[in-house]
Amino acid sequence: MSSVSLEIPEEILISLKETPETLSREIPILAAVKLFELGKLSSGRAAQLAGMSRVEFLMTLGRYQVSPFSLTSQQLEQDVNNA
């Protein structure tokens, strides 16, 4: 497993009202959610990055207002019309 080090200015921690420990747990989840949203990672790989199960990751997406579905609104509308 690879490791990445990230320096966070103290002002950022203060603005976020976070400790280094809580932020270090949150950043992999945030990265996983964004990479999944961008279509760069599957839900399984994003869950692996976030350090949780796939089901747990999919449930977590709602907390960040990210849909677990990759359909466009047009595709979704077409599916509704075909139902």
Close side-chain approach of R25 to T22, heavy-atom, < 4.5 Å
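Counting from C-beta outward, R25 and T22 do come under 4.5 Å.
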In residues 3-17, what donor-acceptor pairs under 3.5 Å come from side-chain atoms, sequence neighbours left out?
residue : atom : partner : partner atom : Å
S15     : OG   : E11     : O            : 3.0

Looking at every non-hydrogen atom in both residues, tell me the closest pair between [X] and [Y] and how far apart they are.
X   : Y   : value
P28 : S24 : CD-O, 3.2 Å
P68 : L58 : CB-CD2, 3.9 Å
F57 : A50 : CD1-CB, 4.2 Å

Mind checking what makes salt bridge (Lys or Arg N to Asp or Glu O under 4.0 Å) contact with E26, not counting sequence neighbours?
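By the salt bridge (Lys or Arg N to Asp or Glu O under 4.0 Å) rule, E26 matches R63.
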Any chain of hydrophobic side-chain contacts (each under 4.5 Å) joining [X] to [Y]?
X   : Y   : answer
Y64 : I27 : no
M52 : F36 : yes
L30 : V66 : yes
I29 : L23 : no

Would you mind listing every side chain to side chain donor-acceptor pair (under 3.5 Å) that reaches into residues 31-44, with sequence neighbours excluded?
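Listed by first then second residue: K34-E37, S43-R54.
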